Amino acid sequence: MSLLEVDAINSFYGDSHILFDVSLRVEENEVVALLGRNGAGKTTTLRSIMGVLPPASGHIRLGGQAIQGLPPHAIARMGMQLVPEERAIFGGLTVEENLRIAALTAPDAWPFDRIYAVFPRLAERRKSAGRALSGGEQQMLAIARALIRDARIILLDEPFEGLAPLIVRDLVRVSRELARQGRTIVVVEQNVVAALSFADRVYVLNNGHVVWSGSPDALQGDPALMKTHLGV
Ligand code: ATP
């Protein structure tokens, strides 16, 4: 049994059919990247898994339990967290207040110190307002909010968007370390190079279909595939 099993889901925005029989598997401790051009359906896949946009058909299981049709908060309680592209942190609240709110309803919330050990920069910024943070710090806080709830599987939507290469490298290092410590990560990225530098496995989406899956090495060894579906 895989930690996350997505079987032939179909998702719609109104009358627009966006995902076509999308299937994927994520094992415990894996970092899995979903890649594809703009509009391929990557964000829609994450939203469907999290219950934000419930699929019209297909099956999704988390730890063997069916989750399709459950609301996002119920899925969150089962140990999955979505970190959306826009990060959605509270700009008027401090770093620590943002963390405290995220931890509120989590039964196994981490103490702040455990979060600050993962992201020392957030400890330095604990009294700063969310809106005063740099892009990289905001992304750290967005991931930290998922972690403080002890999420075992974290869905990251374009975490590296707009960040400087050094910050991306740091986030890749931290994400790898989290996976090594037992977390599971599904990441959607436009930054193919960064995504391939830390994913164990890759799915490529095109027009709402999974068109390829395999290892980062296999993908990089296939320039035609990289060019057709990823534009690199
Ligand atoms: P991007 O990197 O541009 O976000 P993506 O692979 O994540 O790409 P999605 O955001 O999943 O792609 O979008 C898939 C398709 O769904 C696109 O054709 C997009 O126009 C459409 N779409 C996305 N959000 C909505 C929405 N709220 N209402 C209607 N159509 C939408």
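These numbers come from a predicted model, not from an experiment.
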Are the side chains of [X] and [Y] in touch, meaning some heavy atoms are under 4.5 Å apart?
X	Y	answer
Glu96	Lys127	yes
Thr105	Arg149	yes
Val26	Leu3	no
Ser213	Leu24	no
Glu189	Pro159	yes

**Item:** SB check Arg87 Asp157 (cutoff 4.0 Å)
**Value:** no
**Message:** Any salt bridge linking Glu177 with Arg180? Criterion: basic side-chain nitrogen under 4.0 Å from a carboxylate oxygen.
**Reply:** yes
Verify the neighbour count for atom [atom1] of [X]: are there more than 12 heavy atoms of other residues, nucleotides or ligands below 6.0 Å?
X	atom1	value
His17	NE2	yes
Phe112	CZ	yes
Gln181	CD	yes

**Message:** Using the rule given for salt bridge (charged side-chain N to carboxylate O under 4.0 Å, His left out), can you reason through Arg183 versus Asp150, listing the C-alpha separation, both sets of side-chain angles and the distance that settles it, and then say yes or no?
**Reply:** CA-CA 9 Å; Arg183 309 284 143 188; Asp150 198 37; 3.1 Å; yes
Look only at the side chain of [X] and the backbone of [Y], and say whether a donor-acceptor pair between them is shorter than 3.5 Å.
X	Y	result
Thr184	Glu28	no
Arg176	Val31	no
Ser2	Glu5	no
Glu161	Glu158	no

**Message:** Can you tell me how far apart CG (Leu196) and CG (Asn191) are? Round to the nearest 0.5 Å.
**Reply:** 9.0 Å
**Prompt:** Which is it for Arg47 and Tyr13 under the side chain to side chain contact (heavy atoms under 4.5 Å, CB included) test, yes or no, and what are the steps along the way?
**Reply:** CA-CA 11 Å; Arg47 290 167 59 90; Tyr13 284 114; 3.2 Å; yes
